[in-house]
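Contents: one structure, followed by commentary.
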Amino acid sequence: MQIVNVWLEHPVMNLNRTFSYALSDEVSVSRGVRVRVPLANQTVTGIVDSIFTVDSLEEYSLKQGYEIKEVVEVLDEEPVLNDELYELGLWMAHETVSPNIACFQCMLPNKIKPKSNRKAAVLNYFVSLSDETLAKTEKEKKAVETLRNGDMLRSEFNKLFGGNYSNALVKKGICTIYEKEQEASYEALDIKEADYPLTDEQKQAIDKINNSKKNVILLHGLTGSGKTEVYMQLAAQKCRENKQVLILVPEISLTPQMVKRMTDRFGNNIAIYHSKLNDQQRYEQYQLVRNHKVKIVVGTRSAVFMPFDDLGLIVLDEEHDHSYKQDTTPKYHCRDVAIKRAQTHGCKVVLGSATPTLESYARAIKNVYELVELKNRIHQQLPTSHLIDMQKEIRKGNTIISSQLEKALGERLAKKQQAILLLNRRGYTTIMKCRQCGKVVQCPNCDIAMSYHKDTNKLMCHVCGYEQSADMNCPNCGAKNWNNYGLGTQRLFETIQNKFPQARILRMDADTTRNKGSHQDILEAFGRGEADILLGTQMIAKGLDYPNVTLVGIFNADALLGRTDYRSVEVTFDLIVQASGRSGRGYDSGEVYVQAYDCKHYGIKMAVNQDYISFFNEEMNYRHIGNYPPYCYMIAISFNSRNEELVDDVAYSASEHFRQFDDFRTLGPSQLPKQISEYRRRIVLKGSKRAELIERVWDWYREQNFNKNQLKIQVDVDPYVLD
Ligand code: ADP
Ligand code: ZN
């Protein structure tokens, strides 16, 4: 009898151990294969870790002290996780302090995730000849003739011969039908050349990257300096060497534009992998890589787990983007996984950005990474930027749009040029307040004010999605006399439309892009010039390359500074620089207007001047004084529960536990706003030795055996934001 040890998802969280099941000797199974096994009263799917044989199951069970049940079904012939990915999963679990099974789950596309329900991949049916001598009639002979050229899709065959002719032939014994997994189509590799010569700067950058002895390269280049072209050149080189290439992009910049640029260059020999694909499409793209049908993958975060076996290059575009960090367990950072995989494959990682994270830039100037720079824009100088003090504007009665921006917008519209307006807040207004008693309407599940959405006349919680009609009396005093405060994209849209009735405006935010494909539709319409103004939240700040855009307006640019998060200045800086970069990318020079209340803030001033180096130096100073990354490592541990007493209890005893150690600092527990009816607490550990911190957290974490329904504990190593 064989005994297999299996990783399972268990309702007792954090349980990071395997369970043993029996399997008859006839069935072959190996590490990384999925099996169905009984657990409590259910059958669940798990991943095989190890296998060994025993002489007698009974004896073995006795020795273990519990009954060993049998494996119900072995799902795969080949492991779904090859050795590299299996080891990667274990490494990631350790690094992120999360259960192994959680990492395996997140590495696999839904169709083959080890979850309790297996959804079969779409199957295709093929018609194949079995005994052609049985063909008697003219039609039958013609069918045989056709099938001699090879098996045919049943649907095509029946279209050709009418009705369900394939079945008729099967009955006569002339044909058989078999099923095969559907494969996405692909074409042979056909790389086009760029239709312009590379600039000297681009050539030098490529040489420097190729000749570098370092594994990680930071490509620091202004927006529009030709970074994407550099990635494509490097990718083409590697493909010609018959190697695989992975190009990672943030969720938001996987725009139709980016995809088009890639397919124009590499034909259809690329897999595109992102969260908007349905399960079947994702699975097909995954299989394309697994079966060596494509050399290049362009994808968002989870594409880093594709089953490559001969990687020649990984590119991480816009490396500062927060979508690279997963915000649920396992809270991994795509960059760390990319670097780990590159080490295994012996290839380079290129991190590209106009605004690298402080961590990456600090590593680059300390020579841990190779620093490669592109200092000039391809077509134009940077746009001219104006910083507008909204305190002054308000005194002039301009509460939403400043007179300068309004004038500039009018001029650009008259010239038939396009504009992008950024406001990082959706809805109409952000607060609804009772005029009589001053009550602010809050979400019943979360400690947060609800936003007013005029189009639906509803109040909405942007945290949990709770909605209620805005046609209501004050729950506090019963009056029905409301004041609305704050500025959201709906209200901005209305204001701009009133000022420029002729202008064609497209709004893009989470509300207008809820439907599949709407994101793409809006951007394509704007690209075709069907609108004059694209107005939206941060989803329009990045990656867009429209040469006719010559004006960018940023509203409430300093809104994010109000957060207590240590990274809020960096995030603000990035957003302004990235959004500014959308202006003047073509032949006409561009302008940027940044509206803010706190115009003296260094982060705002330096962003308006696109001065990354000064910003880096200044911000590093503050991080040093406050002892924040990159001057230390942090691990955040959060506790969520509907039971306030329990959450306090556990959080306080955890902090007490960690306070015993004096080689790192323990902060908290701090009380976070309630979310989705759960009370939240968080402690933060700060220290100079990352590996040691992780070990300490593991020691504690292994002992936490709560049922997930009662209390959730989440560990975040290198938290991206702490707000
Ligand atoms: P980035 O990725 O740094 O924002 P891109 O690679 O998108 O920059 O380049 C900006 C624009 O310049 C794109 O429209 C691109 O097609 C064009 N471009 C890039 N390299 C060259 C070049 N060597 N000559 C002419 N145009 C170029
Ligand atoms: Zn809510």
Side-chain angles (χ1 to χ4, degrees), residues 191-209 217-237 245 247-250 252-266 270 296 298 300 313-321 324 349-356 360-361 371-383 417-418 420 523-524 526-529 538 540-550 552 574-590 592 607 610 612:
I191 306 175
K192 306 235 165 23
E193 299 293 330
D195 47 18
Y196 39 71
L198 294 182
T199 64
D200 288 343
E201 238 190 355
Q202 282 171 326
K203 280 188 211 145
Q204 281 159 14
I206 290 168
D207 286 345
K208 196 165 173 196
I209 292 169
I217 284 104
L218 179 65
L219 179 62
H220 179 215
L222 294 172
T223 52
S225 61
K227 294 187 292 299
T228 310
E229 184 56 47
V230 170
Y231 307 150
M232 292 197 291
Q233 295 288 335
L234 294 169
Q237 276 175 16
V245 175
I247 299 180
L248 293 159
V249 295
I252 259 153
S253 34
L254 199 55
T255 56
Q257 255 188 331
M258 178 73 164
V259 173
K260 184 167 184 310
R261 262 179 100 175
M262 291 289 167
T263 46
D264 281 353
R265 190 64 61 87
F266 298 108
I270 58 177
I296 301 183
V298 183
T300 51
L313 172 73
I314 302 180
V315 171
L316 209 106
D317 187 29
E318 313 283 11
E319 72 94 32
H320 61 277
D321 195 274
Y324 284 127
V349 180
V350 176
L351 309 174
S353 178
T355 53
S360 293
Y361 199 76
L371 180 62
V372 178
E373 292 173 293
L374 292 174
K375 294 188 168 160
N376 298 295
R377 262 197 162 186
I378 297 280
H379 292 304
Q380 279 283 341
Q381 288 308 302
L382 282 172
Q417 294 174 353
Q418 289 175 300
I420 288 180
L523 292 179
E524 281 177 355
F526 189 65
R528 286 191 301 265
Q538 98 285 352
I540 62 170
K542 293 167 190 171
L544 305 183
D545 184 18
Y546 297 114
N548 199 31
V549 172
T550 53
V552 165
D574 291 351
L575 189 66
I576 297 175
V577 172
Q578 295 292 340
S580 304
R582 304 309 114 211
S583 180
R585 292 172 76 88
Y587 293 98
D588 298 306
S589 59
V592 179
Q610 304 255 341
Y612 178 81

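As the structure lists them, so they are numbered: ligands from 1, and atoms in each ligand from 1.
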Does D317 have a heavy atom less than 4.0 Å from any atom of ligand 1? no

Option set S353, G352, G224, G221, criterion heavy-atom distance to atom 10 (C) of ligand 1, minimum: G224

Can you name the atoms of ligand 1, numbered from 1 with element, that are less than 4.0 Å from a heavy atom of R585? 4 (O), 7 (O)

Hey, which atoms in ligand 1 end up nearer than 4.0 Å to a heavy atom of L222? 3 (O)

For ligand 1, is S225 a contact, meaning one of its heavy atoms is under 4.0 Å away? yes

Side chains of Q237 and Q233, donor plus acceptor under 3.5 Å: no

Report the member of D545, I378, L198, L544 with the shortest heavy-atom distance to atom 26 (N) of ligand 1. I378

What protein heavy atom sits nearest atom 16 (O) of ligand 1, and how far off is it? Y196 OH, 3.3 Å

Considering all heavy atoms, the nearest I378-Q202 contact: CD1-NE2, 3.7 Å

Starting from atom 2 (O) of ligand 1, what is the nearest protein heavy atom, named by residue and atom, and what distance separates them? T228 OG1, 2.6 Å

Of the non-hydrogen atoms in A354 and Y612, which two are nearest, and what is the gap between them? O-CD1, 4.1 Å

Which residue, R585, Q417, Q418, R582, forms the side-chain hydrogen bond (donor to acceptor under 3.5 Å, both in side chains) with T550? Q417

Out of all atoms in ligand 1, which are within 4.0 Å of some heavy atom of G226? Include the element for each. 1 (P), 3 (O), 5 (P), 6 (O), 8 (O), 9 (O)

With atoms numbered from 1 as shown, which atoms in ligand 1 lie under 4.0 angstrom from a non-hydrogen atom of P197? 22 (C), 23 (N), 24 (N)

Side chain or backbone of T199 under 4.0 Å from ligand 1, or both, or neither, by non-hydrogen atoms? both

Option set R261, E229, K227, K203, criterion heavy-atom distance to atom 15 (C) of ligand 1, minimum: R261

So L222 and L382, side chain to side chain contact (heavy atoms under 4.5 Å, CB included) or not? Walk me through it. CA-CA 9 Å; L222 294 172; L382 282 172; 4.1 Å; yes

For the pair K208 (side chain) and E373 (backbone), establish whether a donor and an acceptor sit closer than 3.5 Å, ignoring hydrogens and angles. no

Pick one of side chain, backbone, both or neither for how P547 approaches ligand 1, counting any non-hydrogen atom pair under 4.0 Å. neither

Nearest protein heavy-atom contact for atom 20 (N) of ligand 1: which residue, which atom, what distance? Q202 NE2, 3.0 Å

Working note: D574 + D321, criterion side chain to side chain contact (heavy atoms under 4.5 Å, CB included); need CA distance, chi angles, decisive distance, verdict. CA-CA 9 Å; D574 291 351; D321 195 274; over 6 Å; no

Does ligand 1 come near enough to T223 that some N or O of the ligand is less than 3.5 Å from an N or O of the residue? no

Does ligand 1 have any atom that is closer than 4.0 Å to a heavy atom of A194? no

Answer yes or no: is there a side-chain heavy-atom contact under 4.5 Å between V549 and F526? yes

Run R265 and E229 through salt bridge (Lys or Arg N to Asp or Glu O under 4.0 Å) and show every step you take. CA-CA 10 Å; R265 190 64 61 87; E229 184 56 47; 3.0 Å; yes

As a quick check of understanding, evaluate side chain to side chain donor-acceptor pair (under 3.5 Å) for T355 and Q578, giving each step before the final call. CA-CA 8 Å; T355 53; Q578 295 292 340; 3.2 Å; yes

